[in-house]
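Read the structure below first, then the notes.
Protein chains get the first letters and strands the later ones, always in sequence-line order, with residue 1 at the start of each.
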There are 2 protein chains.
Amino acid sequence: MNNIVNITKALADDNRVRALMILAGHELCLCQIIELLNLAPSTVSRHMSILRRAGLVESRKENRWVYYSLPKGNIPSYVTDVLEWLRTALDKDVQIKKDRKRLKEIMKVDLEIICRRQMKS
Amino acid sequence: MNNIVNITKALADDNRVRALMILAGHELCLCQIIELLNLAPSTVSRHMSILRRAGLVESRKENRWVYYSLPKGNIPSYVTDVLEWLRTALDKDVQIKKDRKRLKEIMKVDLEIICRRQMKS
DNA sequence: AATATATTTCGTTATTTGGCCAAATATAGT
DNA sequence: ACTATATTTGGCCAAATAACGAAATATATT
């Protein structure tokens, strides 16, 4: 039950749900997620660690960057199932569609530039 | 997205999840749910109204009692799907199994007696 | 009508959560 | 080793949440 409620708690926040949805199909650097959500880096880092503790994302560190992705490999079915539920339920969602659009723009910009932009503000 | 996060927020609490799970297969009077969760009537009433606002339960009033049940009829698929996910994920859960056992005992007792017991304490 | 009963709403309190900034911790390049 | 950069952690504040008891509401029963 802890596993499950950990998951529902992780999903009980708009920004975390948006972060999850935007990870569909590719991994993203933390700074790209920061850029999308438009929150302080520390805040987004915290959100992502909540998602990770719930088993809803994986992370890998490469050089200076941390990449997040949906979990692959040997995952409990309740994780894949709830992700599938979310994906289906929010596929047509207005906010999510906006996010997907904006992500396309973000992905055109070099990581270094995105990160540096965030240091200033 | 509001619909969905409303649901995940409703599910982000142990007692509400227990209440939902115990509703599988039959409707229950509020006082029976109170008895199971062992919380103040006002607290349980509040929990149930959160579940209802999220569309995860229905209620019907009969005489002095309010009966709650899982929603039937014309329900968005994201509701049935998330309920199915929960059911599967928690089917073998220790707490849930205990609850099912205890519910059997509770259901043997007459509603009036259960309610009256709660007034005293 | 008056009383008893079951549930809900209100007001309060303690805890949790989400946000930020500043400081700490990696990691890469000089 | 030092500096710059990306992320995480700790400390703080404001807002949200879960719990309770008391009062209000709705529904029999007398």
Check whether any side-chain nitrogen or oxygen of [X] sits under 4.0 Å from OP1 or OP2 of [N], and answer yes or no.
X: B:H47; N: D:dA19; value: yes
X: B:N63; N: D:dA28; value: yes
X: B:Y67; N: C:dT7; value: no
X: A:R46; N: C:dT17; value: no
X: A:Y68; N: D:dT8; value: yes

Nearest-angstrom distance from the residue atom [atom1] of [X] to [atom2] of [N]:
X: A:I114; N: D:dT7; atom1: CD1; atom2: P; answer: 10 Å
X: B:Q32; N: C:dA6; atom1: CD; atom2: P; answer: 12 Å
X: B:L11; N: D:dT17; atom1: CG; atom2: P; answer: 14 Å
X: B:K9; N: C:dT16; atom1: NZ; atom2: P; answer: 18 Å
X: A:R60; N: C:dA26; atom1: CZ; atom2: C1'; answer: 16 Å
X: A:E62; N: D:dT7; atom1: CD; atom2: P; answer: 12 Å
X: B:D14; N: D:dT17; atom1: CG; atom2: C1'; answer: 14 Å
X: A:R53; N: D:dT8; atom1: CZ; atom2: C1'; answer: 13 Å

Which one, [options], comes nearest to the side chain of [X]?
X: B:S42; options: D:dT8, C:dG18, D:dG21; answer: D:dG21
X: A:E112; options: D:dG21, C:dT7, D:dA6; answer: D:dA6
X: B:S45; options: C:dT9, D:dT9, C:dA6; answer: C:dT9
X: A:L39; options: C:dG19, D:dA18, D:dC20; answer: C:dG19

For this session: Enter the distance from B:I96:CD1 to B:R87:CZ here, rounded to the nearest 0.5 Å.
Result: 12.5 Å
Using a strict cut-off of less than 4.0 Å between a Lys/Arg side-chain nitrogen and an Asp/Glu carboxylate oxygen, indicate whether [X] and [Y] qualify as a salt bridge.
X: B:K72; Y: B:E27; value: no
X: A:E58; Y: A:R60; value: no
X: B:E105; Y: B:R100; value: no

Exercise. If you find the nucleotide of DNA chain C closest to B:P41 and the one closest to A:R16, which residue's nucleotide is nearer the 5' end?
Worked result: B:P41
Exercise. Toward the 5' end of DNA chain C, which comes first, A:K61 or A:T43, by nearest nucleotide?
Worked result: A:T43
For this session: With DNA chain D as reference, determine whether A:V44 or A:R64 sits nearer its 5' end, using the nearest nucleotide of each.
Result: A:R64
For this session: Using a 4.5 Å cut-off on heavy atoms from C-beta on, say whether the side chain of A:I4 contacts that of B:V17.
Result: no
